[in-house]
Amino acid sequence: MLTNQDNNNYSFNIDKFYKNYLKGPKIFRNREALEPSFIPNELPHRDNEIEKIAGITACALNGDVPPNFLCYGMTGTGKTATIRYLSQKIAQHCTANPPWWIYINCNIVSTPYRILAHIYNTIVGKEKIPPTGLPKDIILKKLLGLFDQTIKESVCFLVLDEIDILVEKKGGNEILYNLTRLNENLDLCRTSVIGISNKLKLMQFLDSRVTSTLDEEEPIVFHPYNANELADILYLRANIAFDEGVIEEGVIKLCAGLAAREHGDARKALQLLRKAGETAERNQSRKVLEQHVHKAQKEIDKDHIVEYIFSMPLQAQLTLTAVYLLTKYNADNVITSGDIYEVHNDLASRIPGLKQLTHRRISDYINELALAGLINANTKSMGHYGRTKIIKLDVDNELMERVLSRITRIKTHDLLNYKPILLQGDKVRVKNNVFKKLL
DNA sequence: TATCCACAGGAAATCAGGGTGT
DNA sequence: ACACCCTGATTTCCTGTGGATA
C-alpha cells in the first residue's frame, strides 16, 4: 500500500519547479520569431522569387486582375512565407482598396465543400456556412454574391497552400476549375488563385481545363536552402528570438547543417533551434550549447513518432500493435501482410464493438505506417509462395511499447501482453523457415 | 515453360454520421 | 418527417504480378 509519505517522495514538486524556472537564466527574448507563422522583415536568399511574384501581382495595386500562378518547392523552402511577406508589402503600398488575401491550407481544409465554406466564412468573419449539409452549387452562388457585395471593386487573392493534396482527391480538379474561373461570373470583384505545391509533378494530375488557367504565368520554383543559406536565416531570427550572447558559437551552424541534410528545410532548422533553446532553458543553462541541439534533435524525432501514433485512428493503432506483437513474440520473424491481417483481426475481435477489417484496408494501413516511417515494408515475391510485403518495425521496440500502452483501448484489453492465436501454433514457424531460405 | 500463390493496389460502391431546407 | 447533401472510412470487385515449382 502506498502511504502519503511514499507519495511525496516520488511526486513532482510543481511549486519548486516554477520558482526555479522564474529564477533561472532567461534564454528567449521573443520566442515567436522562431515560429513558422512569424513573418520577418526580410527574407534572405529569396530575392529572385520575391521579384518574380511582385512582378506578377503588382497590377493589383491599380485594381487590375493579376493572373493565376503556381509556386513549387519542397517543405520549408519559404513559399508560404514569401507570399505572406508580399501580401504585407502590397498592403503597405496600397492607398485605397487593398487586396484581400484568403489563405487555405488544403491539408486542413481538405474538401471542395469546406474550401468554399472557408472562403465564405473568412470574408464574412463568422461561421455562416455550416461544416456540412448544403449543396456545393448553392454555396458557390452565395459566394459569388458575397464577393461583389463585400469585396466590391477590390482584388481577392485565394492562396491554396498544399494544393497537391487537393488535386489528388476526387472533386479536386472541379473545385479548382471553379475557383480559377470565378471572374467570369463576377461583376465588380476580381479574384486570382495562387497555388502552392510541394510536388513538382503537380501538372500531371491537373485537368486540362484547369492547367489552361493556371498556366498563364511561368511557375515560380523555390529551391531548397543550402547549409549557409539556412545559417543566414537562423542568424536573423536568432537575433530577434534570443538575448545577446545566449547562443554558443557553432550552435547555429549545427542546426543549419542538420536541417540541410534533410532537403534544406528552413522550418525544421527553426524548430531545431527553438527546441534547443527550450532544452537549455529546462536544464537551467545560461547558454544554448551544441549538446542541447543534439538532444533537441532526438526529442523532435521522438515527439513526431508519439504524436503521429496518438493521432491515428484506432484501427491503424491496432495494425501497428499487430506488427509490434509479431516482432515481440518472435524476434527473428519474417512478417508478411497476411500475418498482420490475421493478428489485426484477432486483436479487433477482442475489443467489443470493433469491426474486423478486410485485407484491402489493412494493406492501405500498412502503406500509411510505412510512409510515416514507423515500419519498413518491401514488396517481395516469394515465387510459388506468392507476392507479399516483408515488414519490419522501424522504431525502437521499447518506445513502441511505451506509446502503445498509453492508448486506452489497447491498455484496458491488455493487448500488449496478448499472444495472438497465429503465434500459438506451428504455422508461422514453418512458414518462417521456408521464407528465410528464400530471402 | 506454364502454372499458380498471396497478395498489391486501382476504381467504384456502400455505409454511417454529420448536416440542410421545407 | 422527409428528401437530400457532404465526408471519411471501408468494402467489393477487379486486374496485375515476380518468381519458385511442377
Side-chain angles (χ1 to χ4, degrees), chain A residues 104-121 124 126-143 145 162 165-179 201 204-205 207 311-320 322-323 326 333-345 347-349 351 353-372 375-392 409 422 427-428 430-439:
Chain A
I104 302 148
N105 186 330
C106 302
N107 198 13
I108 298 163
V109 184
S110 58
T111 69
Y113 177 95
R114 287 190 193 144
I115 288 176
L116 292 175
H118 178 87
I119 296 173
Y120 193 100
N121 291 336
V124 184
K126 42 187 158 166
E127 284 277 314
K128 274 275 176 155
I129 304 273
T132 168
L134 298 171
K136 267 178 294 197
D137 53 326
I138 302 280
I139 301 188
L140 191 59
K141 249 182 226 159
K142 280 184 161 199
L143 189 60
E162 306 202 46
I165 292 174
L166 176 66
V167 173
E168 280 168 25
K169 291 194 174 171
K170 69 169 180 193
N173 265 301
E174 198 193 324
I175 181 76
L176 277 183
Y177 178 77
N178 287 330
L179 291 180
K201 44 182 187 172
Q204 291 174 10
F205 299 102
D207 207 295
S311 71
M312 294 194 302
L314 181 62
Q315 293 285 23
Q317 292 169 336
L318 278 191
T319 311
L320 189 59
V323 185
L326 282 161
N333 215 346
V334 179
I335 304 172
T336 67
S337 14
D339 298 337
I340 294 178
Y341 166 73
E342 285 195 36
V343 175
H344 172 277
N345 268 359
L347 296 177
S349 69
I351 299 183
L354 199 71
K355 272 203 306 189
Q356 298 187 331
L357 298 179
T358 55
H359 240 299
R360 184 68 190 78
R361 190 69 190 113
I362 296 292
S363 168
D364 277 346
Y365 273 137
I366 291 173
N367 286 342
E368 278 173 41
L369 293 176
L371 207 65
I375 61 173
N376 241 315
N378 290 311
T379 319
K380 192 107 188 166
S381 178
M382 302 314 231
H384 200 67
Y385 304 94
R387 231 161 90 91
T388 184
K389 273 189 172 148
I390 304 297
I391 291 140
K392 269 191 198 139
R409 300 244 247 166
L422 178 74
K427 204 169 138 196
V428 165
V430 173
K431 186 199 77 181
N432 259 339
N433 292 334
V434 178
F435 275 28
K436 263 185 218 156
K437 270 184 223 156
L438 292 175
L439 285 171

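So that the names make sense, note that chain A is the first sequence line, chain B the second, and so on, each numbered from 1.
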Search all heavy atoms of A/Pro131 against all heavy atoms of A/Arg114 and return the closest pair with its distance.
O-NE, 3.9 Å
I'd like to know whether NZ of A/Lys436 has more than 12 heavy-atom contacts from other residues, nucleotides or ligands below 6.0 angstrom.
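It does: A/Lys436 NZ has more than 12 such atoms within range.
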Counting heavy atoms not belonging to A/Lys431, are there more than 12 under 6.0 Å from its NZ?
yes
Could you give the [atom1]-to-[atom2] distance, from [X] to [N], as a whole number of Å?
X	N	atom1	atom2	answer
A/Ile139	B/dG21	CD1	P	10 Å
A/Arg114	B/dT20	CZ	P	14 Å
A/Ile129	B/dT20	CD1	P	11 Å
A/Arg361	B/dT14	CZ	P	19 Å
A/Lys170	B/dG10	NZ	P	16 Å
A/Leu134	C/dT7	CG	C1'	14 Å
A/Asp364	C/dT10	CG	P	10 Å
A/Asp137	B/dT20	CG	P	17 Å

If you define the side chain from C-beta out and look only at heavy atoms, does anything of [X] sit under 4.5 Å from [Y]?
X	Y	value
A/Ile362	A/Asn345	no
A/Arg409	A/Leu318	no
A/Leu357	A/His344	yes

Using a strict cut-off of less than 4.0 Å between a Lys/Arg side-chain nitrogen and an Asp/Glu carboxylate oxygen, indicate whether A/Lys141 and A/Asp137 qualify as a salt bridge.
no
Taking the side chain from [X] and the backbone from [Y], do they hold a donor-acceptor pair closer than 3.5 Å?
X	Y	value
A/Asn378	A/Ile391	no
A/Asp339	A/Thr336	yes
A/Gln315	A/Gln356	no
A/Asn432	A/Val334	yes

Checking all strands, does [X] fall into the base, sugar-phosphate, or nothing category for heavy-atom contacts under 4.0 angstrom?
X	answer
A/Leu357	sugar-phosphate
A/Lys380	nothing
A/Asn367	sugar-phosphate

For A/Lys136, all residues meeting side-chain hydrogen bond (donor to acceptor under 3.5 Å, both in side chains), sequence neighbours excluded
none
Roughly how far apart are A/Ile366 CD1 and A/Tyr341 OH, rounded to 0.5 Å?
12.0 Å
If you check the A/Arg360 side chain, which of C/dC6, C/dG19, C/dT12 turns out closest?
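Closest nucleotide to the A/Arg360 side chain: C/dT12.
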Taking the minimum atom-to-atom distance to the side chain of A/Tyr365, which one of C/dT11, C/dT10, B/dT20 wins?
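Of the candidates, C/dT10 comes closest.
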For A/Ser381, check side-chain contact (heavy atoms from CB on, under 4.5 Å) against everything at least two apart and list the hits.
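Here the qualifying residues are A/Arg387.
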Please tabulate the protein-to-nucleotide N/O contacts below 3.5 Å involving nucleotides 5-7 of chain B, giving atom names and distances.
| residue | atom | partner | partner atom | Å |
| --- | --- | --- | --- | --- |
| B/dC5 | O4' | A/His384 | O | 3.2 |
| B/dC5 | O2 | A/Gly383 | O | 3.2 |
| B/dC5 | O2 | A/Gly386 | N | 3.0 |
| B/dA6 | N3 | A/Arg387 | N | 3.1 |
| B/dC7 | O5' | A/Gly338 | N | 3.3 |
| B/dC7 | O3' | A/Ser337 | OG | 3.0 |

Does one side chain, of A/Lys389 or A/Asn367, offer a donor that lies under 3.5 Å from an acceptor on the other?
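Per modelled atom types, A/Lys389 and A/Asn367 side chains form a pair under 3.5 Å.
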For C/dG8 and A/Ser110 - does any side-chain N or O of the residue sit under 4.0 Å from the phosphate oxygens OP1/OP2?
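Indeed, a polar side-chain atom of A/Ser110 lies that close.
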Tell me whether the side-chain N/O atoms of A/Thr379 come closer than 4.0 Å to OP1 or OP2 in B/dA8.
no
Close N or O pairs between protein and nucleotides 15-18 of chain B (under 3.5 Å):
| residue | atom | partner | partner atom | Å |
| --- | --- | --- | --- | --- |
| B/dG18 | N2 | A/Thr132 | OG1 | 2.6 |

Sorted by number, the residues of residues 313-320 of chain A with heavy-atom contact under 4.0 Å to DNA chain C
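Result for residues 313-320 of chain A: A/Gln315, sorted by number.
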Hey, what bend do you get for the helix from B/dT1-C/dA22 to B/dT22-C/dA1 if you fit axes on five pairs at each end, rounded to 10°?
30°
